[in-house]
2 protein chains.
Amino acid sequence: MSRASDRAYEAIRSMILSGELPAGSQLGEEALAEKCGVSRTPVREALRRLESDLLVTRTDTQRSFVADWSIDDVADAFELRAMLEGKAARRAAERMTDDALDRIRAANRQIDGALSKPGGDVAGFLEGNREFHTVILEVAGSRRLAALLGTLIEQPVVWRTAHHYGRDALRRSHGEHEELIAAFARRDGAWAEAIMVGHILRAYHAYADAHRGLTDTAMQLEAAE
Amino acid sequence: MSRASDRAYEAIRSMILSGELPAGSQLGEEALAEKCGVSRTPVREALRRLESDLLVTRTDTQRSFVADWSIDDVADAFELRAMLEGKAARRAAERMTDDALDRIRAANRQIDGALSKPGGDVAGFLEGNREFHTVILEVAGSRRLAALLGTLIEQPVVWRTAHHYGRDALRRSHGEHEELIAAFARRDGAWAEAIMVGHILRAYHAYADAHRGLTDTAMQLEAAE
DNA sequence: GGCAAAGCTATTGTATACAAATGTCATAGG
DNA sequence: CCTATGACATTTGTATACAATAGCTTTGCC
């Protein structure tokens with residue numbers, strides 16, 4: 001992670017996710033290189049990675065821009081993610097070990113702990129959540145499935161979803177995890193898949209509702225001018 | 001395609017697919033650069049692309065090797081491909097236009113033509129086959145689905161499958177395409193998905209059978225020494 | 001005034017040099 | 001004989017210079 005190309009990747013990525021670089025902005029290699037304090041070479045590498053993450057698009061003439069995520073794109077991403085994570089959950093249930101089950105339980109305990117804190121520890125929730133899904137993917141034992149999901153899980157929308165969640169929605173998420181654990185403990189692949197698909201799609205609708213709200217607000221603001 | 005990095009990508013890729021660079025070979029950037037007649041810079045870029053194609057793996061110390069495809073990896077890839085292409089077929093059926101349907105029919109006519117030639121025009125078959133699946137992916141209208149499948153369809157095993165196919169297997173493939181067309185014409189997503197999944201999985205078993213045959217032969221040769 | 005072509009600017013692509021990191025081998029010590 | 005350590009070779013990472021190309025502006029012609 002201390003390599004210059006990794007730092008450039010993280011820096012550019014966080015600039016996109018934070019909105020500092022809004023959708024549609026052109027990403028000049030030289031400008032980014034200066035911002036990140038590295039030369040163009042690692043920046044180029046970072047841009048290619050971001051492109052394969054679909055956070056960056058390139059025109060036919062090789063110019064890079066921050067990708068524009070329409071609501072349809074988001075729906076598309078969640079739909080695929082539901083399918084792939086559902087598949088991963090099924091495989092994981094069929095191959096579950098006692099050891100991995102313990103790690104999954106520990107991850108969900110961490111989530112519970114984060115939710116019980118006074119302020120509501122969103123970072124702790126996200127970390128536990130990531131561990132939870134990571135272990136499942138590991139147990140599923142498909143390098144390719146992991147690779148495909150890797151391009152879907154860390155996208156801007158997914159990242160922001162937890163911040164749209166209210167506390168009760170996070171609680172419900174924790175409850176669904178408990179159900180998943182029950183399915184894993186019984187090695188019931190079909191059950192695990194069903195719960196996981198529902199889990200992801202509920203997250204999608206939470207995002208879509210919040211997004212609709214934001215859009216409406218923006219429209220009201222425009223109308224008020 | 002005339003850019004040096006594209007030439008390097010194609011060159012290295014074909015060296016891997018042809019077996020000139022066997023699985024496990026180390027891929028030194030300098031050596032590849034000389035072979036391809038370009039500098040290390042475009043070779044590095046090509047290697048990253050091949051890595052995301054899973055044709056190349058990198059150790060924790062950043063050294064590149066030709067990826068080793070075990071039979072389990074192959075099964076894994078086909079299983080995922082069946083799921084994703086099945087999904088694509090379902091979406092395509094639900095959104096099918098008359099225009100696209102004509103293109104799909106034309107592609108299958110080309111396949112038919114290739115099969116009717118005396119020698120058995122494998123290249124023509126592959127081209128028609130690619131067009132067939134490409135149009136479906138296009139009509140499915142999911143950039144992300146297309147991106148995910150892109151990393152699965154051009155892999156060594158898939159590429160070689162058609163060469164393992166006998167003439168009758170290719171005929172059967174053509175027949176399944178006809179069934180798919182029928183499902184598309186009726187906009188029946190569930191039917192299209194079912195046929196597509198079967199289509200891909202049959203291709204897998206054709207490959208696996210041929211592979212088993214090859215392995216047995218190799219084992220016999222070893223035993224004969 | 002509109003359009004086209006030419007030249008200028010901005011941006012990306014490639015090569016090369018050097019720095020950093022990794023792997024290898026030989027040698028010395030236990 | 002095995003292991004550890006050091007020097008040396010190999011390989012990858014980064015910076016920079018230069019080349020090629022796309023985009024823009026200006027100017028001249030119709």
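Throughout, a chain's letter reflects where its sequence line sits, starting with A, and its residues are numbered from 1.
Side-chain proximity of A/Thr41 to D/dT12, D/dT16, C/dT14: nearest is D/dT16. Nearest nucleotide to the B/Arg40 side chain, out of C/dT14, C/dC18, D/dA22: C/dC18.
Rounded to a whole Å, the CZ atom of A/Arg63 is 12 Å from the P atom of C/dA10. Distance CD (B/Gln62) to P (C/dT22): 9 Å, rounded to an integer number of Å. Distance B/Arg7 CZ to C/dG13 P: 14 Å, rounded to the nearest Å. Between the P atom of C/dG13 and the OH atom of B/Tyr9 lies a distance of 17 Å, rounded to the nearest Å.
Going from atom CG of A/Asp73 over to atom CZ of B/Arg144 covers 4.5 Å, rounded to the nearest 0.5 Å. Rounding to the nearest 0.5 angstrom, the gap separating the CZ atom in A/Arg40 from the CZ atom in A/Arg44 is 6.0 Å. From B/Met15, atom CE reaches atom CG of B/Leu17 across 11.0 Å, with rounding to the nearest 0.5 Å.
Each of B/Ile181, B/Leu180, B/Thr134, B/Asp99 was compared with B/Ile104 under the side-chain contact (heavy atoms from CB on, under 4.5 Å) criterion, and only B/Ile181 meets it. The only option from A/Asp6, A/Leu55, A/Val56 that meets the side-chain contact (heavy atoms from CB on, under 4.5 Å) definition with A/Arg49 turns out to be A/Asp6.
Residues from residues 20-34 of chain A placing a heavy atom under 4.0 Å of any atom in DNA chain D do not occur. Residues of residues 42-49 of chain B having a heavy atom closer than 4.0 Å to DNA chain D, listed by number: B/Arg44, B/Arg48.
Judged by closest nucleotide on DNA chain D, B/Arg58 is the one of A/Asp60 and B/Arg58 placed further toward the 5' end. When the nearest nucleotides of DNA chain D are assigned to B/Ser64 and A/Val38 by heavy-atom distance, the more 5′-ward of the two goes with B/Ser64.
Other residues, nucleotides and ligands contribute more than 12 heavy atoms inside 6.0 Å of the CD atom of A/Gln62. In B/Glu30, the CD atom is not crowded: 12 or fewer heavy atoms of neighbouring residues, nucleotides or ligands sit closer than 6.0 Å.
Under the side chain to side chain donor-acceptor pair (under 3.5 Å) criterion, B/Glu131 pairs with no residue at all, not counting sequence neighbours.
When the side-chain nitrogen and oxygen atoms of A/Thr61 are compared with OP1 and OP2 of D/dA22, none of them lie within a distance under 4.0 Å.
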For a side chain to side chain contact (heavy atoms under 4.5 Å, CB included) check, start with the C-alpha distance between B/Met196 and B/Met83, then their side-chain angles and the critical distance, and finish with the verdict. CA-CA 9 Å; B/Met196 181 62 92; B/Met83 179 171 60; over 6 Å; no
